[in-house]
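Here is how names work: the chains are called A, B, and so on, in the same order as the sequence lines, proteins then strands, and each is numbered from 1. What you see below is based on every heavy atom in this structure, not just the backbone, and it leaves out hydrogens, waters and symmetry mates.
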Amino acid sequence: MDLILWGAFPYVVVVLLVSGLIWRARYDKFGWTTHSTQVHESRLLRIGSPLFHFGMAFVVVGHVVGLLIPKTWTDAVGLSDHTYHLLAVSTGSVAGVAAAVGIGILVYRRFKVPAVRQATLKSDHLMYTFLLGAMALGIVATLLNSTGATGDYNYREGVSLWFRSLFTFQPDYALMGQAPVAFQLHVLFGLGLFLLIPFSRLVHMFSAPLKYLFRPYVVYRSRDPQQLAHRPSRRGWEKVGS
Amino acid sequence: MRVMAQVAMVMNLDKCIGCHTCSVTCKQAWTNRKGTEYVWFNNVETLPGQGYPRRWEDQEKWKGGWERTRSGRLRLKAGGKAKRLGQIFANPEMPQIEDYYQPWTYEYKNLTEAPAGDDMPVARPVSQVTGEPIDKIEWGPNWEDNLGGGPEHAVKDPLVEKVNTIRDQVGEQIRMEFEQSFMFYLPRVCEHCLNPACVSACPSGAMYKRVEDGIVLVDQDQCRGWRMCVSSCPYKKVYFNHSTGKAEKCTFCFPRVEVGLPTVCSETCVGRMRYLGVMLYDADKVTEAAAVEDEQDLYPAQLGAFLDPHDPAVIAAARANGITDEWLDAARRSPIYDLICTYQVALPLHPEYRTMPMVWYVPPLSPVVDAVAATGSDGEDAGNLFGAIDAMRIPVEYLAELLAAGDTYVVDAVLRRMAAMRAYMRRVNLKQPRDESIAAAVGLTGEEIEDMFRLLAIAKYEDRYVIPTAARADADALADTHPLDDSCPVSAQALGGSRPLLNLSPTRRSA
């Protein structure tokens, strides 16, 4: 079981994520959008959406730092475990609370504003389940870990090591199997969320328009040659040449 | 000089009867789909009025268009690129459905499917967005038609507020009582600007201006629904399709224009008040022209960016830039060029937004003529009209806010030219001797006035629409490879030497 969950599943997620993104870019560019509902309701969205998005961005940065930077490095610069956790929990909780409050407002709005409820996609139900689940479990895991309910478990010697072992294709699945249940569930919901990215509105995270900063204001484009008279015939519509 | 060509439009407001045929045919052609219920690529507003969406001209609220920085550069009024990216999760200026109107339908099934009973079945209005009943319909796409609700609503027109602020000193305000008010119609489509703010605001680079004909379009595959274009367009002519989550806008009916047909709104205009044709402009001059310091210089600056299609240097530069002879020929016969440059009777809509719009308007003389006629005087006498234009400051000031960044001199000059045309042509129609002094008073010759009359009043189909096709070169190549039998059964020889004209009058301008 540990092998399937922590040894195989992460790779399945990565493969589906990458292939899903390629599929979406190739066959469903028209569906690739934020599906914004701001035209229906702006007052709540203007508070909730930036809170959630900016909060989430910092949460992601926090995860990257926590998972990728080995304990030996922070030990080497003389950062004690206690100080590290104080730093991580204080900055992390600010970001986490912002994201949680933000998503709270957004979900409230989605239920309460009729036009927004109407605009909810089928994929949103699953997406919101995993997003809210992952966020709630993350908060629970942090609380349990900080209050000592998980004993002296240090995720930097458990989850983080397992995560880094994934990159060497020698996943230390047993390590993850020993982690507290809250961490295990958080990781599973997180992986599930990654899996949903290409198949839900979450895909818009891959179109962050940074190129905007470096392009001239006005964009000129020529007419698509595919639309002109001498375009090649499409399959099944070849001319007979008479 | 970098010559570019644009298919542009002019509307003669004097002839708009506010029938909304353009809006309806456009709606049928383009936006009768889920997600675009509230969207009208073409709409007709009664002015003075708030318009659609409500108070769209209030750029302090919407932050549409451009502004000039202290260093003389152009910046989107909503802020620079970095600021806009920072606001990407919630656009603070995004209009709401309610700013347009809540689209509705009626529960018609209640009428057709109600069982027999004692009570009369009722068809309640329901929102087309949510499907929920609406107790009271409070606004629509055309709520203020013919000054409906005038005293209450039209005073909230941002231009009325502006004119009234200016007029406070003389203690005379725009009146909204019906007998004392003036009104006219303003049909609006996308302006297909030379310096489009929507394109410039699009973070994804999905919006673009077509090189060949200047039409501004949204690439539906690249739009990611960041909705910056919606608020940055000062004319509020980019809409958010709430079903697909993508921006949509007037396409200038490009599939029709490409084959030489006028747009649907133009084709179906019963007042024959729309004109379509080619304008050549110098792309290198656009930014400079859009950044002139004084807002009232924007109109002359845009005139300065347009190029004379008869000028051999322009023709040579245009050819070098890949503009075909068919397009150059169309540019020389362009009714748009004549209305904008030759006779200078067309003006840009809100030049102060600095977007260099390309749908221009001939201001209406009718409020003035009506007022003169109402006093029992001769409404087509040159002296009476000139005097009335000088005396009737309120309509002139209002038009100046609309079409000339508040410069009444420009509007005066155009109205005088229109008045001169009426007076001059009245004499012609009454078989009186032509009075060249009327034409000379507005800096034109009698011949020019008669040509202007033909263009504006007679307005033949082939004079109004001079549209080069996009694929003509392809078609010619095809004809060369598949030569047809050249003999026509109704050829000149068969008819004894004269070419059959198939009931088409010769065009106003031959190439």
Please identify, among [options], the residue contributing the most non-hydrogen atom pairs under 4.5 Å to chain B.
| options | answer |
| --- | --- |
| A:Ile47, A:Asp28, A:Leu213, A:Leu45 | A:Leu213 |
| A:Arg215, A:His35, A:His204 | A:Arg215 |
| A:Gly48, A:Ser42, A:Pro216 | A:Ser42 |
| A:Ala208, A:Ala115, A:Ser207 | A:Ser207 |

I need the [X] [atom1] to [Y] [atom2] distance, nearest 0.5 Å.
| X | Y | atom1 | atom2 | value |
| --- | --- | --- | --- | --- |
| A:Lys29 | B:Arg224 | NZ | CZ | 8.0 Å |
| A:Thr33 | B:Asp221 | OG1 | CG | 12.0 Å |
| B:Glu132 | A:Gln118 | CD | CD | 7.5 Å |
| B:Gln222 | A:Trp32 | CD | CH2 | 11.5 Å |
| A:Thr34 | B:Ile88 | OG1 | CD1 | 9.0 Å |
| B:Phe254 | A:Arg223 | CZ | CZ | 9.5 Å |

Between A:Arg201 and chain B, which part of the residue has a heavy atom less than 4.5 Å away: side chain, backbone, both or neither?
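Neither part.
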Under 4.5 Å heavy-atom distance to chain A, tell me which part of [X] shows up: side chain, backbone, both or neither.
| X | value |
| --- | --- |
| B:Pro92 | both |
| B:Ile97 | both |
| B:Ala206 | backbone |

Side-chain ion pair, B:Glu212 and A:Arg221, N-O less than 4.0 Å
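Looking at B:Glu212 and A:Arg221, the cut-off is not met.
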Should we count OH of A:Tyr108 as having more than 12 external heavy atoms under 6.0 Å?
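Incorrect, the count does not exceed 12.
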Is it the case that more than 12 heavy atoms not belonging to A:Arg117 sit under 6.0 Å from its CZ atom?
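Enclosed: over 12 neighbouring heavy atoms sit under 6.0 Å from CZ of A:Arg117.
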Can A:Tyr220 and B:Met4 be said to form a side-chain contact (heavy atoms from CB on, under 4.5 Å), step by step?
CA-CA 11 Å; A:Tyr220 291 95; B:Met4 291 188 79; 3.9 Å; yes
Taking 4.5 Å as the heavy-atom cut-off, does anything in residues 85-106 of chain A contact chain B, and if so which residues?
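Under the 4.5 Å heavy-atom cut-off, nothing qualifies.
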Among B:Leu74, B:Asn195, B:Leu76, side chain to side chain contact (heavy atoms under 4.5 Å, CB included) partner for A:Tyr217
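Exactly one pass, corresponding to B:Leu76.
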Who wins among B:Leu217, B:Val230, B:Val199, B:Asp213 for the most heavy-atom pairs under 4.5 Å with chain A?
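That would be B:Val199.
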For the interface with chain A, which of B:Gly35, B:Ala201, B:Cys223 has the highest count of heavy-atom pairs at distances below 4.5 Å?
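Max contact count across the listed options: B:Ala201.
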Any side chain to side chain donor-acceptor pair (under 3.5 Å) pairs touching residues 198-209 of chain B, not counting sequence neighbours?
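Matches after skipping sequence neighbours: B:Gln6-B:Lys209, B:Ser204-B:Trp226.
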Do the side chain of A:Ser49 and the main chain of B:Ala90 share a donor and acceptor less than 3.5 angstrom apart?
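Pair absent, no side-chain N/O of A:Ser49 close to backbone of B:Ala90.
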Keeping the roles fixed (side chain from A:Gln38, backbone from B:Asn91), state whether a donor-acceptor pair exists under 3.5 Å.
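Checking the backbone N and O of B:Asn91 against the side chain of A:Gln38, a donor-acceptor pair under 3.5 Å is found.
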Pairs under 3.5 angstrom only: tabulate donor-acceptor contacts from the side chains of residues 125-137 of chain A to other protein residues two or more places apart or in another chain.
| unit_1 | atom_1 | unit_2 | atom_2 | d |
| --- | --- | --- | --- | --- |
| A:Tyr128 | OH | A:Arg110 | NE | 3.1 |
| A:Thr129 | OG1 | A:His125 | O | 2.6 |

Residues of residues 233-245 of chain B under 4.5 Å from chain A (heavy atom pairs)?
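Within residues 233-245 of chain B, the residues that come under 4.5 Å of chain A (heavy atoms only) are B:Phe240, B:His242, B:Ser243, B:Thr244, B:Gly245.
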Is a side-chain donor-acceptor pair under 3.5 Å present for B:Arg227 with A:Ser36?
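Yes - a donor-acceptor pair under 3.5 Å links their side chains.
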Could B:Lys81 and A:Phe214 be counted as a cation-pi pair, given that NZ or CZ must be under 6.0 Å from the ring centre and within 45° of the axis?
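Relative to the ring axis of A:Phe214, which defines the angle, B:Lys81 lies outside at least one limit.
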